[in-house]
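It should be emphasised that the depicted structure is a prediction, and the values quoted were computed from it without experimental measurement. Note on naming: letters A, B, ... go to the chains in the order of the sequence lines (proteins, then strands), and numbering restarts at 1 for each one.
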Amino acid sequence: MSTLKLATFNINGIRSRLPILLSWLEREAPDIVCLQELKARDDAFPIAEIRAAGYGALWQGQTSWNGVAILARGSDPVESRRGLPGDPADKQSRYLEAAAHGVMVGCLYLPNGNPQPGPKFDYKLAWFERLIKHAAKLYESGHPVVLAGDFNVVPTDEDIYNPRSWRKDALLQPESRTCYQRLLAQGWTDALRHRHPDERIYTFWDYFRQHWPRNAGLRIDHLLLSADLAPRLEDANVGRWVRDLPHPSDHAPAWITLAQKSSAPKKAARKRARGKS
DNA sequence: ATGCCGGTTTGAAACCGA
């Protein structure tokens with residue numbers, strides 16, 4: 001394995017989206033997958049089908065809404081955290097963390113926050129504060145970490161087809177964007193934006209108003225890399241073909257590839273080879 | 001440009017997402 005492929009996908013219902021999930025896994029074969037919006041209880045997670053596709057999995061389900069999962073190709077992810085710290089009363093399934101293929105992965109589904117203002121927006125900002133606090137610890141740990149998921153934040157006006165009709169939306173509020181920038185200021189690299197600094201990249205297209213055929217999208221699914229991983233970033237993009245399948249999610253998977261960490265013996269061998277020539 | 005679509009729920013209308 002020369003590269004490690006990581007992806008995040010808001011599937012909008014894992015049961016009704018199972019055929020699409022399996023097609024995508026078969027064609028793209030990502031090594032690590034973060035899923036959001038399972039919309040299924042723990043006992044309804046299709047673990048048999050996912051195992052049959054060659055993946056181990058961890059999941060945190062919930063009736064009707066939310067729900068996150070981490071999949072690892074050919075291995076079982078090792079759980080390190082279930083739920084964000086900071087609010088024991090918060091029962092929503094929005095954060096799962098695990099180690100797989102030598103990387104620590106935080107899979108998150110940040111609250112949408114609409115309507116705004118209101119209690120839902122307050123919850124979004126409070127959740128974001130908890131994430132910022134926890135992310136700081138992860139970043140400072142020095143481990144190779146990826147924070148991946150549906151952040152429900154359009155970082156800048158370059159990340160939306162046209163901000164005009166979304167100005168009052170929770171995804172574009174200055175408070176939401178400031179939180180995202182504060183997170184990045186810890187040192188994280190926004191992989192898709194880093195790889196494509198001047199391109200319009202979207203990960204979500206509304207089901208109606210012909211948003212997909214018009215490519216009227218939003219970039220709200222992000223993969224953030226720790227200092228250890230950022231130099232290993234090789235490529236990043238969006239699996240737009242998945243949005244074109246019958247009965248798609250309103251999101252498409254966003255993915256990155258990372259160079260495998262070169263081992264010390266190999267490096268020493270190359271040095272020896274250079275010395276001899 | 002207002003959930004207009006789509007998923008889910010103790011089984012139809014209502015709530016939710018972005």
Side-chain angles (χ1 to χ4, degrees), chain A residues 8-22 24 34-46 59-69 90-95 107-128 131 148-177 179-180 192 200-222 238 240 242-254:
Chain A
T8 181
F9 186 18
N10 180 322
I11 50 173
N12 189 18
I14 194 164
R15 284 168 292 172
S16 51
R17 216 69 64 206
L18 189 57
I20 281 184
L21 175 64
L22 296 176
W24 173 59
C34 294
L35 299 176
Q36 302 85 33
E37 280 212 82
L38 304 180
K39 292 188 172 180
R41 292 163 22 163
D42 279 340
D43 58 10
F45 188 82
W59 62 97
Q60 185 194 32
Q62 185 182 326
T63 304
S64 302
W65 301 301
N66 310 321
V68 286
D90 185 2
K91 301 300 178 198
Q92 299 192 24
S93 296
R94 294 181 177 277
Y95 188 83
C107 172
L108 64 103
Y109 177 43
L110 214 134
N112 169 297
N114 281 307
Q116 170 283 136
K120 292 195 173 181
F121 191 59
D122 295 341
Y123 174 64
K124 176 185 191 134
L125 297 180
W127 203 95
F128 222 144
L131 176 65
D150 179 354
F151 284 68
N152 269 318
V153 177
V154 175
T156 73
D157 286 354
E158 309 302 306
D159 299 302
I160 183 170
Y161 64 102
N162 183 352
R164 201 183 328 165
S165 57
W166 294 79
R167 278 295 173 216
K168 290 181 181 171
D169 195 281
L171 279 61
L172 275 73
Q173 290 315 295
E175 294 95 327
S176 308
R177 288 177 162 178
C179 280
Y180 189 71
L192 271 90
R200 292 282 180 160
I201 305 170
Y202 306 132
T203 64
F204 165 87
W205 300 260
D206 232 319
Y207 280 122
F208 41 69
R209 299 175 196 151
Q210 298 285 305
H211 275 203
W212 170 243
R214 292 164 42 215
N215 193 30
L218 285 66
R219 191 174 75 93
I220 55 177
D221 300 274
H222 309 303
V238 177
R240 293 173 59 99
V242 181
R243 187 64 174 76
D244 245 345
L245 294 173
H247 307 292
S249 168
D250 38 8
H251 296 248

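- A/Lys120 comes within contact range of the sugar-phosphate backbone alone, with a heavy-atom separation under 4.0 Å but no base atom that close.
- Look at the P atom in both B/dG6 and B/dT10: the space between them is 23 Å, to the nearest Å.
- Counting non-hydrogen atoms under 4.0 angstrom, A/Tyr109 reaches the backbone sugars and phosphates but no base.
- Straight-line distance from the CZ atom of A/Phe121 to the P atom of B/dG17: 14 Å, rounded to whole Å.
- One side chain, A/Asp244 or A/Trp212, offers a donor N or O that lies under 3.5 Å from an acceptor on the other.
- Looking at residues two or more places apart in sequence or on another chain, you find a side chain to side chain contact (heavy atoms under 4.5 Å, CB included) between A/Ala40 and A/Ile14, A/Arg15, A/Ala44.
- Ring planes of A/Trp166 and A/His211: tilted class, angle from 30 to 60°.
- Counting to the nearest Å, the P atom of B/dC15 and the CD atom of A/Gln62 are 18 Å from each other.
- A donor-acceptor pair shorter than 3.5 Å can be found between the side chains of A/Tyr207 and A/Asn12.
- With P as the reference atom, B/dC15 and B/dA1 are 25 Å apart, rounded to whole Å.
- At least one donor-acceptor pair closer than 3.5 Å links the side chain of A/Arg177 to the backbone N or O of A/Val154.
- Of the two residues contacting DNA chain B, namely A/Asp206 and A/Asn66, the nearest-nucleotide position lying further toward the 5' end is that of A/Asp206.
- Atom pair A/Leu172:CG and B/dA1:P shows a separation of 16 Å (rounding to whole Å applied).
- Checking side-chain atoms of A/Gln62 against main-chain N and O of A/Ser93 turns up a donor-acceptor pair under 3.5 Å.
- Counting non-hydrogen atoms under 4.0 angstrom, A/Asp221 reaches nothing in the nucleic acid.
- Nucleotides B/dT2 and B/dA12 place their C1' atoms 24 Å apart, quoted to the nearest Å.
- A/Lys124 places its NZ atom 16 Å from the P atom of B/dC16, with the value rounded to the nearest Å.
- Per the geometry, CG belonging to A/Asn114 stands 13 Å off C1' belonging to B/dT2, to the nearest Å.
- Counted within 6.0 Å of CD on A/Glu175, heavy atoms from surrounding residues, nucleotides or ligands total more than 12; the atom is thus considered enclosed.
- If you measure from atom CD of A/Gln36 to atom C1' of B/dC16, you get 17 Å, rounded to the nearest angstrom.
- Nucleotides B/dT8 and B/dG3 have their C1' atoms positioned 16 Å apart, rounded to a whole Å.
- For the pair A/Leu218 CG and B/dA1 P, the computed distance is 17 Å after rounding to whole Å.
- Taking the six-membered ring where tryptophan is involved, the planes of A/His222 and A/Tyr180 are tilted, since the angle between them lies from 30° to 60°.
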With sugar-phosphate taken as primed atoms, P, OP1 and OP2 and all else as base, the protein-contact string of nucleotides 4-14 of chain B at under 4.0 Å (heavy atoms; B, S, -) is BBBSSS-----

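- As judged by a 4.0 angstrom heavy-atom cut-off over every strand, A/Asp150 is placed among residues touching the sugar-phosphate backbone only.
- Between the C1' atom of B/dT2 and the NE2 atom of A/His211 lies a distance of 12 Å, rounded to the nearest Å.
- Heavy atoms of A/Asn152 sit under 4.0 angstrom from primed sugar atoms or phosphate atoms, though from no base atom.
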